[in-house]
J.: 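Attaching a single structure in structure tokens format; questions to follow.
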Amino acid sequence: MKPQILKGTRDFLPEQIFKREYIFNTIRSVFKTYGFLPIETPVMEHLNTLTGKYGEEGDKLLFKLLNNGDFLAKADAKALEEKNSSALIPSISKRGLRYDLTVPFARFVVMHQNDISFPFKRFQIQPVWRADRPQKGRYQEFYQCDVDVVGSTSLLYEAELLQIYDEVFKSLGIKVTIRVNNRKVLQGIAQDAGIADRWMDMTIAIDKLDKIGKDGVTDELSKKGFTAQSTEKIFKSINCESLEELNLDSEIGRLGIAELNEIHAFLGDHTFYNKVKFDPTLARGLGYYTGFIVEVLADDVKIGSIGGGGRYDDLTASFGMKDMSGVGISFGAERIYDVMEELDLFPTDNNAATKIILLSFDKESLMHANQLAINLRASNIATEVYPSAAKMKKQMKYANDRKIPFVIVIGSNEISDKKYGLKNMDTGETDHLTLDKIIQRLT
RNA sequence: GUGGUUGUAGCUCAGCUGGUUAGAGCGCCUGAUUGUGGUUCAGGAGGUCGCCGGUUCGAAACCGGUCUUCCACCCCA
């Protein structure tokens with residue numbers, strides 16, 4: 001049996017874990033300064049909790065788990081006969097892996113509504129799964145770091161979330177552009193152009209503006225059957241650089257603009273470290289967004305978005321709880337990792353690792369080394385003991401490869417003198433000190 | 001899901017139009033050096049050429065399938 005790993009998944013080596021922890025810890029500490037509380041949910045959910053929330057495309061990307069037991073006995077015979085996969089699924093699969101953290105959170109809120117107080121501010125850092133075709137920065141298993149507030153329609157939270165994005169990427173050292181829009185503005189643009197009922201089609205087309213250009217979008221719009229007059233009106237709207245210029249003949253559109261203005265008002269004279277800009281072409285696919293939407297792109301690395309989010313007014317309604325508006329954003333840990341790796345932004349010191357290793361020449365000094373290690377650890381110094389009196393070169397090489405900064409070599413001299421040579425592996429210098437002095441030096 | 005692309009030693013890659021025992025650099029192991037790593041020198045180990053099948057006297061090379069990688073579309077973190 002040849003060892004293999006599933007496509008779109010990865011193992012993490014210790015060094016990678018340290019770097020990932022650095023990202024998670026940075027994000028977590030910002031979340032906490034805004035009063036967000038941690039939760040976790042199961043990796044599996046009832047399939048009907050997940051389906052229908054992410055649009056048609058999203059449903060296709062859900063990982064489904066085959067029922068246990070004699071699942072064929074209970075399978076839909078007709079669907080099986082006709083080889084109709086999508087009709088067969090409900091009868092052979094009742095569970096799926098979560099596709100994001102937002103929908104399970106909505107389910108969580110409804111189930112625990114009596115245990116939490118609203119507005120409920122939570123954060124969650126866990127893996128999610130998508131049966132997408134992998135590419136660079138696109139995996140089938142990846143971690144999301146989500147912050148959401150549910151139970152308030154206040155646009156104060158939109159303002160908070162923008163600040164959180166700005167602060168996190170500032171402290172990670174990644175320069176980003178934060179694009180902001182509002183679904184109501186998109187609906188308004190469509191209504192203004194006289195195509196209110198087809199605003200989603202329009203949105204999908206204009207979302208591609210920076211990729212295929214104005215001509216490409218014009219083509220796509222005419223292919224979808226929009227008139228030249230509508231297309232012209234759409235372009236007039238999306239060419240607006242600022243909110244002030246945008247003048248829509250649409251009530252819902254004006255509401256969207258008013259919402260964006262209010263977020264602006266909440267922010268007052270706060271200045272962002274990163275670029276935050278209104279972009280009427282920003283669409284975002286996730287089906288459940290209803291108002292504010294946001295997306296984050298790294299300025300210096302060509303990779304997809306490294307964060308995204310928005311407001312969802314009705315997500316808990318499908319679990320039987322109305323009037324429970326929520327808003328939230330997500331950080332894509334894997335892509336942030338890839339960006340930081342490419343830009344060499346990870347700090348070089350890792351104080352989580354072993355600080356000192358004790359080497360020995362024979363059985364007796366190995367025993368002594370272990371007694372010494374017990375003392376060092378009692379003083380909270382991360383200590384290892386090389387497990388055998390192997391050749392000194394081999395022991396030193398291990399210390400070197402592991403990047404352990406200090407070494408003590410123990411032999412009969414050290415045991416009788418009670419003084420040990422503390423060797424600094426960077427400089428190569430050795431100081432002969434008592435145990436007390438060594439503990440002082442390393443703490 | 002559609003179209004394309006990649007896969008040779010632990011890593012990065014050579015290997016001409018199919019022709020004996022498949023190479024390099026780095027890394028690894030051993031020694032020079034029986035109380036001190038990173039340098040140097042000498043020697044050594046390591047590959048069912050992703051996997052399965054086909055064509056051929058003969059396949060790492062050609063064909064088909066499959067898995068994987070990356071790219072475009074779709075969508076997204």
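So you know, we letter chains A, B, ... as the sequences are listed, proteins then strands, and number each from 1. The structure presented is a predicted model; accordingly, all values stated were derived computationally and were not measured. Because only heavy atoms are used, hydrogens play no part in the values below, and waters and symmetry mates are left out as well, while side chains stay in.
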J.: Under a 3.5 Å cut-off for both distances, is B/C62 Watson-Crick or wobble paired, and to whom?
T.: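 Pair assignment: B/C62 / B/G54.
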J.: Could one point to a donor on the side chain of A/R138 or the base of B/C75 with an acceptor on the other under 3.5 Å away?
T.: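 Such a pair is found, so the answer is yes.
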J.: What about A/D401, does its side chain sit under 3.5 Å from the base of B/G37 through a donor-acceptor pair?
T.: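 Flag unset: no donor-acceptor pair detected.
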J.: With rounding to the closest Å, how many angstrom separate the P atoms on B/U6 and B/G50?
T.: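 Nearest-Å result for B/U6 against B/G50 at atom P: 13 Å.
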J.: Want to settle it: does A/A131 or A/K397 sit nearer the 5' end of RNA chain B, counting the closest nucleotide to each?
T.: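 Residue closer to the 5' terminus by nearest nucleotide: A/A131.
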J.: B/G44 and B/G25: how far apart are their P atoms, nearest whole angstrom?
T.: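 Going atom to atom, P in each nucleotide, I get 13 Å.
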J.: Before giving the answer on ring-ring contact (aromatic ring centres under 6.0 Å, His included), spell out for A/Y165 and A/F331 the whole-Å C-alpha distance, their side-chain angles and the decisive distance to 0.1 Å.
T.: CA-CA 9 Å; A/Y165 262 148; A/F331 292 80; 4.9 Å; yes
J.: Record whether the side chain of A/K423 comes under 3.5 Å of the base of B/G37 through a donor-acceptor pair of N or O atoms.
T.: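 Side chain to base: pair found, below 3.5 Å.
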J.: Would you kindly check whether a donor in the side chain of A/R133 faces an acceptor in the base of B/G3, or vice versa, at under 3.5 angstrom?
T.: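 Answer is yes: a donor-acceptor pair is held.
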J.: OP1 or OP2 of B/C74 versus the side-chain N and O atoms of A/K60: is any pair under 4.0 Å?
T.: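 No.
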J.: For the side-chain contact (heavy atoms from CB on, under 4.5 Å) test, which of A/L358, A/V385, A/T383 pairs with A/N370?
T.: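 Result for side-chain contact (heavy atoms from CB on, under 4.5 Å) with A/N370: A/V385.
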J.: Quick one: is B/C73 close enough that its OP1 or OP2 comes under 4.0 Å of any side-chain N or O from A/K211?
T.: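 Looking at the OP1 and OP2 atoms of B/C73, one of them is under 4.0 Å from a side-chain N or O of A/K211.
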J.: Can you check whether any acceptor in the base of B/G35 is under 3.5 Å from a donor in the side chain of A/E414, or vice versa?
T.: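 Result: at least one qualifying N/O pair found.
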J.: Roughly how far apart, to the nearest Å, are B/G18 and B/A60 at atom P?
T.: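 13 Å, rounded to whole Å.
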J.: Tell me whether the OP1 or OP2 atom of B/U36 has a side-chain N or O from A/Q395 closer than 4.0 Å.
T.: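 So the side chain of A/Q395 is outside the cut-off, no N or O lying under 4.0 Å from OP1 or OP2 of B/U36.
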J.: Taking 4.0 angstrom as the limit, do A/R20 and A/E334 come out as a salt bridge?
T.: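 A salt bridge links A/R20 with A/E334.
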